[in-house]
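Notes follow the structure.
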Amino acid sequence: MASANAHYFTHPIIYTNLASLLAKYDELCTLVSELKPSFVLISETWLTPLVTDPPISLDGYAVFRKDRHNNKGGGVCVYISDHICANFAVIPITVDTGNIDSIFLKITNTRLTFLLGCIYRPPTSIIEDDHSLFQCISEMTDVYQHLFIFGDFNMPDIKWPLNASQSCASSSQLLVDLLLNSHLSQLVTQATRYRINQNPSTLDLIITSDDNSLAHLEYLDPVGKSDHSTLKANFQICTLSKERTVTYTRAVIDYRSVNKALTDVHWPSLFVTSSVADNWELFKTTVLDLVCKHSASISIKRSSTKPWIGKKILKMVRTKRALWRAFKRSGNQNDYKAHRNFSNNLSVIIREARIAYEKQLADSTDTKRFYRHIRNKLSGPVSTLQLRDDDDKITDDCATVANIFADTFSKTFTLETDSTLPSAIIPKPNVSLDSIEFPEDVICSKLKKLKLSKSPGPDAITASVLAHCAECLSLPLSLLMKQSFTSGILPFDWKTAIVRPIFKKGDKFNPCNYRPISLTSLIVKTMESIIYETLIKFLLDQHLIPEEQHGFLPGKSTISNLLCCLSNWTRHYDSGVPVDVVYLDYSKAFDRVPKRRLLAKLENLGIAGNLLHWIGAFLSDRTFRVRVGDGLSEHRPVLSGVPQGSILGPLLFIAYTADLKVIIQSPFAMYADDIKIYNTSNNQSILKSDLSAIGEWCSVWLLPLNVCKCSVLYIGKNNPQHTYTIDNSKLTKSESLSDLGVFLTSCLSWSEHVQRVVKKANSLVFLLSKVFAKSHFSVVSKFYRTYIRPILEFANSVWAPIFQKDVLLLESVQRKASRIPFGRTRPKYKDRLSMMQLPTLSDRRKRGDLIVTFQALKAPQSPIKHLFPLAHNSRTRGHCLKLSKDKFQTTVRQHFIVNRIFDSWNSLPSDIVMCDSISSFKRKYDAYNV
């Protein structure tokens with residue numbers, strides 16, 4: 001049965017510009033009869049007060065309208081189905097938007113409130129009316145968490161999605177600034193108006209504060225003779241109402257007693273059986289029983305949404321109500337003043353309690369509580385997972401939803417036949433790796449380093465237990481790991497996972513829009529980490545992993561991947577040589593790796609004996625269960641792939657794709673399953689040959705490409721833009737795309753990337769300003785450093801703002817965030833930064849570039865060391881690691897990291913440059929730069 005306090009809301013919504021509702025009324029009735037939407041929004045109704053509601057009514061709908069009184073044309077209206085009106089109160093909101101026709105409806109009940117708007121902005125609108133409109137929308141975002149506005153804005157000069165390089169009219173720039181500086185998105189990206197002898201244009205827009213609540217946007221044909229497309233979407237919001245107070249139950253474990261009891265256990269005599277599965281069950285039962293015996297549960301009762309409201313404040317609330325009742329009985333003004341004074345004092349106490357609670361969380365070493373508080377504040381109502389079942393009905397039964405997820409996740413596996421395996425491409429090395437040791441001291445060290453916040457796997461043994469009892473548990477775990485490794489047998493708990501679905505984007509009721517996150521046993525992860533360290537050292541020492549692979553390898557990252565590529569691309573761009581970059585996308589790569597082929601490749605790479613046998617057992621007979629709330633799905637078999645959530649999984653995938661380096665002739669770079677190959681346009685035949693070879697490799701080794709998501713980026717001026725295909729399918733041409741989180745364009749400009757990250761960061765700043773407006777500045781500072789600044793600085797040694805407008809745009813985010821705790825009477829920007837212990841973003845970027853340079857020059861096996869050529873002139877003053885000056889002709893190459901950091905690096909004192917470690921470099925540079 002569905003939860004009694006759960007509420008799901010999913011209904012079709014359509015919008016169009018009709019240019020006369022009366023003239024197209026019959027066609028509109030037909031469309032509504034076919035689609036059965038719950039909401040119909042119309043712009044340019046051309047209605048006047050002389051036209052009453054009956055001639056335009058729709059059966060089963062209530063109509064809300066705003067007519068244009070002064071001029072012909074214009075007008076907007078909204079139809080809402082009777083079913084919605086029966087469950088929600090619909091309240092028109094009066095706003096003044098000048099000569100812009102608008103209607104805003106507050107749709108609310110006890111569980112959910114959202115604002116629905118429809119707008120018609122005429123092409124002749126003046127700038128004052130436009131300012132009023134967008135100011136009105138901005139103010140509405142302060143009040144409504146869910147905001148959905150449809151309308152014809154008549155701004156064809158804006159290209160969607162937004163591009164930083166485009167220029168707009170003054171009115172259009174107001175809308176661009178609104179979207180850039182608020183928690184709002186615009187969803188329409190295709191043309192919506194088509195006229196003969198005119199270019200298609202995007203006039204109709206959808207502005208929302210919650211883009212995930214509008215799914216499956218479709219561009220349908222116009223109604224009647226209208227020249228505007230009809231926009232259709234599924235409107236969906238899921239919420240779960242909460243009790244006012246909740247009781248938290250927390251287990252307090254006496255680890256001293258647990259350790260004493262574990263010390264008394266003689267593990268060698270307890271493990272008398274030869275079965276590792278039986279010994280594991282004895283170990284697990286013993287540990288869990290001792291933990292249960294020496295733990296106690298305590299209950300804490302708090303407000304569900306305001307944990308700072310304790311017993312004292314609740315008592316004062318009851319006193320306040322009593323004072324109000326006393327005034328209502330007597331009507332005496334002295335009683336009213338007593339209530340008012342007490343109420344004002346209580347408000348101050350509650351505000352101070354919240355500020356103190358948040359400051360305590362920010363200053364505490366228990367960061368998990370602080371981040372949980374942040375998530376609760378930003379997420380609004382608690383969401384409950386609800387999906388469509390086989391009958392296309394919404395269900396929120398936890399067990400049913402869990403099984404739907406399990407069925408969906410199971411479909412990604414690859415079935416491998418028993419046919420003959422293909423021949424290996426890489427020659428087998430002369431040495432092999434077959435044995436690994438599991439010493440107690442290594443296991444103890446790894447257990448102590450476990451993050452206590454890590455979730456336990458199916459065995460329910462937590463990281464806290466393992467870390468606090470590491471010395472007592474290292475012996476039995478060493479015995480279990482050795483027995484498992486030599487026998488090639490893993491207990492069931494080591495080969496199963498609890499999967500939790502995490503929503504990505506799109507239709508919230510579609511299980512395909514969720515990412516599975518696997519929780520596996522922390523003990524087998526410890527064993528995996530020991531195997532990983534030995535295995536990766538062997539593969540790297542024997543040069544079996546291509547240098548072009550940057551994923552999940554020591555000393556490599558997305559930054560090293562992008563810098564290696566951009567070093568070549570910027571040189572070609574500087575020389576006027578066009579470059580074609582092909583981005584390849586595997587389809588569920590980690591889940592589709594076939595086991596027999598993987599083991600054959602590992603054997604060919606020199607993995608043998610017990611190690612190969614154990615990895616084969618580790619990959620075989622795996623299962624998973626999906627957990628949703630209190631519900632668990634049935635066990636599902638894992639038919640292929642490397643285990644998600646494991647330590648070894650990424651390394652096994654890298655080993656599986658290591659032979660790609662043999663068949664690719666063009667330069668390329670990899671980050672796990674992300675691959676890009678590139679070549680100059682003059683060498684397009686080589687690039688085409690490589691794509692053909694990769695397509696054949698994918699077919700032979702059963703790792704299919706998602707050709708629809710593969711694309712080509714054409715870099716450089718006068719690029720001929722050759723056509724590339726895979727399996728006879730033409731690859732998509734892209735002028736810009738996201739590469740490992742960094743947005744690249746064909747001209748290698750960073751303006752669009754800057755605008756995108758600023759938009760994303762401003763959305764969080766907007767939420768921060770609403771939720772933590774009166775919080776202590778230390779709370780805001782910690783939130784900013786944790787959630788917002790990483791967005792602005794992700795891989796910022798790869799990109800750098802060239803234009804002053806981009807520099808100021810980035811800094812504006814920090815300016816806004818630093819104003820939040822101070823209100824209107826705030827200190828100057830530099831003083832605010834000093835109080836919040838925040839340097840400017842420009843200083844942070846310079847520091848980040850210097851750190852990358854230091855790591856490149858000082859790390860023994862740095863993958864980007866060759867990008868930083870040293871000056872060999874012995875007569876140079878200063879330190880001995882001065883960079884050589886690079887020649888350039890364009891700003892693209894001028895602002896590549898080697899050139900933009902040249903003066904700053906060469907001018908550093910020798911004692912900073914010659915530091916032995918990165919931590920020492922950071923400490924000395926920060927002291928030098930004060």
Side-chain angles (χ1 to χ4, degrees), residues 262 265-292 435-440 442-444 446-447 450 454-467 469-470 472-499 518-532 535 595 599 609-627 632-639 641-649 652:
L262 287 172
V265 178
H266 189 257
W267 295 103
S269 61
L270 186 64
F271 294 160
V272 293
T273 176
S274 60
S275 168
V276 66
D278 292 342
N279 289 339
W280 163 252
E281 289 298 328
L282 284 171
F283 170 84
K284 182 174 70 170
T285 303
T286 302
V287 171
L288 292 179
D289 286 349
L290 288 176
V291 169
C292 181
S435 180
I436 293 178
E437 299 297 326
F438 300 93
E440 293 178 39
V442 174
I443 294 173
C444 182
K446 288 187 174 294
L447 293 181
L450 284 175
K454 277 188 173 294
S455 299
D459 55 25
I461 300 178
T462 64
S464 180
V465 170
L466 293 173
C469 306
C472 297
L473 296 179
S474 56
L475 170 61
L477 289 179
S478 176
L479 296 174
L480 285 169
M481 291 177 187
K482 291 175 182 177
Q483 187 180 18
S484 172
F485 189 79
T486 54
S487 66
I489 298 174
L490 285 79
F492 177 78
D493 286 337
W494 292 12
K495 298 200 295 181
T496 191
I498 300 296
V499 173
S518 298
L519 303 178
T520 58
S521 170
L522 296 174
I523 291 173
V524 76
K525 279 187 174 181
T526 304
M527 184 177 181
E528 285 181 71
S529 67
I530 297 174
I531 296 174
Y532 172 90
L535 180 57
K595 297 174 185 175
L599 292 174
N610 286 338
L611 178 56
L612 183 65
H613 191 200
W614 189 89
I615 292 176
F618 176 71
L619 296 173
S620 302
D621 303 321
R622 298 191 68 88
T623 62
F624 73 93
R625 302 178 78 183
V626 178
R627 181 187 296 278
L632 271 173
S633 72
E634 299 294 328
H635 281 283
R636 297 290 197 281
V638 179
L639 303 177
V642 293
Q644 296 278 4
S646 66
I647 305 294
L648 281 175
L652 294 177

Over all atoms of both residues, closest heavy-atom pair of [X] and [Y]:
{"X": "Pro491", "Y": "Val276", "answer": "CG-O, 4.2 Å"}
{"X": "Leu522", "Y": "Ala463", "answer": "CD1-N, 3.4 Å"}
{"X": "Gln644", "Y": "Ser518", "answer": "O-CB, 3.2 Å"}
{"X": "Val524", "Y": "Ser521", "answer": "CG1-O, 3.3 Å"}
{"X": "Ala460", "Y": "Leu288", "answer": "O-CD2, 3.9 Å"}

Measuring only between side-chain heavy atoms, which start at C-beta, is [X] closer than 4.5 Å to [Y]?
{"X": "Ile443", "Y": "Ile530", "answer": "yes"}
{"X": "Met527", "Y": "Phe485", "answer": "yes"}
{"X": "Leu477", "Y": "Phe283", "answer": "yes"}
{"X": "Leu652", "Y": "Leu619", "answer": "yes"}

Who passes side chain to side chain contact (heavy atoms under 4.5 Å, CB included) against [X], sequence neighbours left out?
{"X": "Ala470", "answer": "Cys444, Leu447, Lys448"}
{"X": "Lys495", "answer": "Leu490, Asp621, Arg622"}
{"X": "Ser464", "answer": "Tyr255, Leu452, Thr462, His468"}

Could you list all the salt bridge (Lys or Arg N to Asp or Glu O under 4.0 Å) pairs where at least one residue sits in [range], not counting sequence neighbours?
{"range": "residues 458-467", "value": "none"}
{"range": "residues 483-492", "value": "none"}
{"range": "residues 268-282", "value": "Glu281-Lys284"}

Taking atom [atom1] of [X] and atom [atom2] of [Y], what is their separation to the nearest 0.5 Å?
{"X": "Ser474", "Y": "Leu479", "atom1": "OG", "atom2": "CG", "result": "9.5 Å"}
{"X": "Lys525", "Y": "Ile647", "atom1": "NZ", "atom2": "CD1", "result": "6.0 Å"}
{"X": "Thr286", "Y": "Leu262", "atom1": "OG1", "atom2": "CG", "result": "8.5 Å"}
{"X": "Leu270", "Y": "Leu282", "atom1": "CG", "atom2": "CG", "result": "5.0 Å"}
{"X": "Ser435", "Y": "Leu611", "atom1": "OG", "atom2": "CG", "result": "8.5 Å"}
{"X": "Glu437", "Y": "Ile531", "atom1": "CD", "atom2": "CD1", "result": "12.0 Å"}

Problem - Member of Val287, Asp493, Ile461 meeting the side chain to side chain contact (heavy atoms under 4.5 Å, CB included) criterion with Ile523 - result: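 Of all the options given, the one that passes is Ile461.
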Return the set of residues passing side-chain hydrogen bond (donor to acceptor under 3.5 Å, both in side chains) with [X] (not counting sequence neighbours), or none when no residue passes.
{"X": "Ser478", "answer": "none"}
{"X": "Trp494", "answer": "none"}
{"X": "Thr496", "answer": "Thr623"}
{"X": "Thr285", "answer": "none"}

Problem - Residue pairs passing the side chain to side chain donor-acceptor pair (under 3.5 Å) test where at least one lies in residues 479-488, sequence neighbours excluded - result: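 Output for this query lists Asn279-Gln483, Ser484-Trp614.
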Practice task
Could you go through the ring-ring contact (aromatic ring centres under 6.0 Å, His included) check for His613 and Phe618 one step at a time?
Solution key: CA-CA 9 Å; His613 191 200; Phe618 176 71; over 10 Å; no
Problem - Stepwise side chain to side chain contact (heavy atoms under 4.5 Å, CB included) test for Arg627 and Val499 - result: CA-CA 6 Å; Arg627 181 187 296 278; Val499 173; over 6 Å; no
Practice task
With sequence neighbours excluded, tell me which residues meet ring pair (Phe, Tyr, Trp, His ring centres under 6.0 Å) with Phe271.
Solution key: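 Ring pair (Phe, Tyr, Trp, His ring centres under 6.0 Å) list for Phe271, sorted by chain: Trp267.
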Exercise for the section: Examine distances only and state if a side-chain atom of Arg636 and a backbone atom of Glu634 form a donor-acceptor pair shorter than 3.5 Å. Expected result: yes
Exercise for the section: Check whether any side-chain N or O of Glu528 sits under 3.5 Å from a backbone N or O of Leu648 as a donor-acceptor pair, and report yes or no. Expected result: yes
